[in-house]
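The structure appears below as C-alpha cells.
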Number of protein chains: 4
Amino acid sequence: MRIRIVAGSSAPIYKQIVDAIRRTIATGELAVGETLPSVRQLAKELVINPNTVAKAYAELVQSGLVETQAGRGFFVTKRRCVYSKTERMRRLDESIQSLIGQAIAMDFTPDEALDRVRELFEKALRNPSHSN
Amino acid sequence: MRIRIVAGSSAPIYKQIVDAIRRTIATGELAVGETLPSVRQLAKELVINPNTVAKAYAELVQSGLVETQAGRGFFVTKRRCVYSKTERMRRLDESIQSLIGQAIAMDFTPDEALDRVRELFEKALRNPSHSN
Amino acid sequence: MRIRIVAGSSAPIYKQIVDAIRRTIATGELAVGETLPSVRQLAKELVINPNTVAKAYAELVQSGLVETQAGRGFFVTKRRCVYSKTERMRRLDESIQSLIGQAIAMDFTPDEALDRVRELFEKALRNPSHSN
Amino acid sequence: MRIRIVAGSSAPIYKQIVDAIRRTIATGELAVGETLPSVRQLAKELVINPNTVAKAYAELVQSGLVETQAGRGFFVTKRRCVYSKTERMRRLDESIQSLIGQAIAMDFTPDEALDRVRELFEKALRNPSHSN
DNA sequence: GTGGTCTAGACCACA
DNA sequence: GTGGTCTAGACCACC
C-alpha cells in the first residue's frame, strides 16, 4: 500500500493517513482481515514519527474500521456501522460542511464542486485507489 | 451587516468571520470601496475578543479582498484570485477525497452522499453563513 | 473536580482519567455545557504529562461525551448515544467480560461480584462521586 | 484438556491460557498433583508460539497454582490465595467502576447492566473460557 | 519483531 | 491563557 503525504496540506499528517487508509478499506483495496502496514514501517516509509502513525491508527480503531492485537498488528475489521444513524448523518454533514466551506471560499460554483464530487466518487468506486 | 457566530461550530470564530465577509463581498452586499465595520464595533456586536476580529480582517487583507488605510479603516478592494487554478483544484480535491472516505466508510451510497452535498450546498448559498 | 490516580493500578493512567470523567459526567456532577479542567491544569494537579491528559480527553471527544473548541477548552456535550445499538451492546459486553475475567481470576463467586456491582451502581447513582 | 483460543479477543493469548487453566484447576478438572500438558504439546495444539505457552505457565507458577520440576513438567500445586482480601477487593472495585462509567455513559439503566452482567457471568461459568 | 504507554519539549493556531 | 500537532526517545507487554 502506498500513501502519499502532502506536506503543504492544511490537513495534519495523521488526518491524511486516516483518510487514505479509510479509502483503501472502503474501496476494498485493503480487504477484511488483512493487516495494515506496521506502525514503524509506515512511519519509516513516510519519514515521519511513529507516534503520528499510531495516532492515525488509533482513530481508525476508535471508528471501528480496524482492530488491533498487541504484538501482532492492526487488522481490517468486518464489523461496521459503529455509529448510530443520527451520528452517521452528523458526521457526514460535518464533512460536507467542511467541503462546502472550502469550495465557497475558493469561489467554486456549486455546480463545479458537485460535478467534481461526483467525478471523484465514481473514480474511487470504479478504480480503487489507482495505487498499490 | 450582521454576522452570526456559531459557538459550537467546528470552524474557528475568526474563520467564520472571514467566510461571512467573503460572501457578503461576493454577493455584492458589500460593494467595492465600501468600508467594513470597525474591528471594535464588530467585536462588541459579536461579543468576542477584538483580537479575533482583527485576525479575520488580517486574513482578508492577506488574501487581497480587503485593504486597510491606517486610521481610516478597512475597505473592499477590487477582487482578484489568490490561488492558481491548479492550486485551487488540488485543495478542493483534498476536501472531496476526505469526504468520500468518510462517506464510503460509513456505508453511505454515492447517491445518498451526493444528494446531501447538493442539499447542504443550496442551503449554504440561500442562507450564506448566517449573515444577512 | 478531583480525580484520584492509582499508580499501582493495572489500568493505564489515561484510562483511569477517562473512567473518572465519564463517571462525573454520567452522574451529573459535571453538567452539560460545563468545561472540563484544562489539560495543563489537570496534568499539573495529577503530576503527569499533559499529553496523557490530552489523550484521555481525546477519547472522551471520540465517544461523543465531550466537545472541544480550540483555544477555549473542553465542554460536556448534550449529544448522546453516538453509537449504534449493537455497538453499545458490544461495548457493554466488552466491559463486562473484562470484569468477569478479573472476578473469576481472583476467585470471587458470581454472587459476591454481582452484589458488589449492584452496590457500587447504587452508590454511583445515589451519591454522585462523593468527591467534589 | 482442550483450550480454545479466541484470536480476535482483546485479552492476550497467554492470559487466556492462564485463565483457562486456572479454571480447570478451580473446577477440579485438573486435580492437585496432576501434570499440565507440556509446553510444546499445548503450543502445537493451539498453533501458537511455545514462548506464549511458557509465559502462561510461568505466570501460573508465579501465582503459586502450579509448580515445575525441571525435566519432568508442570504440576498442580495445593491452592493458596495470592492477594490479600483488601487487595482483591480494590482490584475488583476498579473493574466495576470502569464498567459503571461505561454503562451509565451509554445510557444503560443499572437494571439492564446488572441483568447483562448476571447473564454473562452464568455463561462464563457454564462454559468456562471455551475449554472443555 | 509487533503495539501500548508515558515523558519532555517544541511550535503553531486560537481567544 | 487554551488546545492541536509533531518529534524524539524511553520502557513495557506480547508474539
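Values below: all heavy atoms of this structure, side chains included; hydrogens, waters and symmetry mates excluded. Chain letters run A, B, ... following the sequence lines, proteins first, then strands; residues in each count from 1.
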Seminar exercise, completed: Under a 4.0 Å heavy-atom criterion, the protein footprint on nucleotides 7-15 of chain E, written with B, S and -, is BBB---SBS
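dA13(F) atom P lies 13 Å from atom CD of Q62(D), rounded to whole Å. Counting to the nearest Å, the P atom of dC14(F) and the CZ atom of F74(A) are 16 Å from each other. Per the geometry, CG belonging to L42(A) stands 13 Å off P belonging to dC6(F), to the nearest Å. The distance from atom NZ of K44(A) to atom P of dG3(E) is 14 Å, rounded to the nearest whole Å. In this structure, the CG atom of L46(C) is 12 Å from the P atom of dC6(E), given to the nearest Å. Distance, F75(A) CZ to dC14(F) C1': 13 Å, rounded to whole Å. If you measure from atom CD of E67(C) to atom P of dG4(F), you get 12 Å, rounded to the nearest angstrom.
For T77(A) (side chain) and G64(A) (main-chain N/O), a donor-acceptor pair under 3.5 Å exists by modelled atom type.
Taking CD of Q97(C) as the reference point, atom OG of S95(D) lies at 12.5 Å (rounded to 0.5 Å). If you take CZ on R22(A) and CE on M106(B), they are separated by 8.0 Å, rounding to the nearest 0.5 Å.
dA13(F): Watson-Crick or G-U partner is dT2(E), with both key distances under 3.5 Å.
Of all non-hydrogen atoms in Y83(A) and Q62(C), the two that sit nearest each other are OH-OE1, 3.7 Å.
Side-chain N/O atoms of T68(A) include none lying less than 4.0 angstrom from OP1 or OP2 on dG3(E).
The side chain to side chain contact (heavy atoms under 4.5 Å, CB included) test with L60(D) singles out one residue from V66(D), V76(D), T68(D), and that residue is V66(D).
Evaluation of the ring-ring contact (aromatic ring centres under 6.0 Å, His included) rule for F74(A) yields Y57(A) as partners, not counting sequence neighbours.
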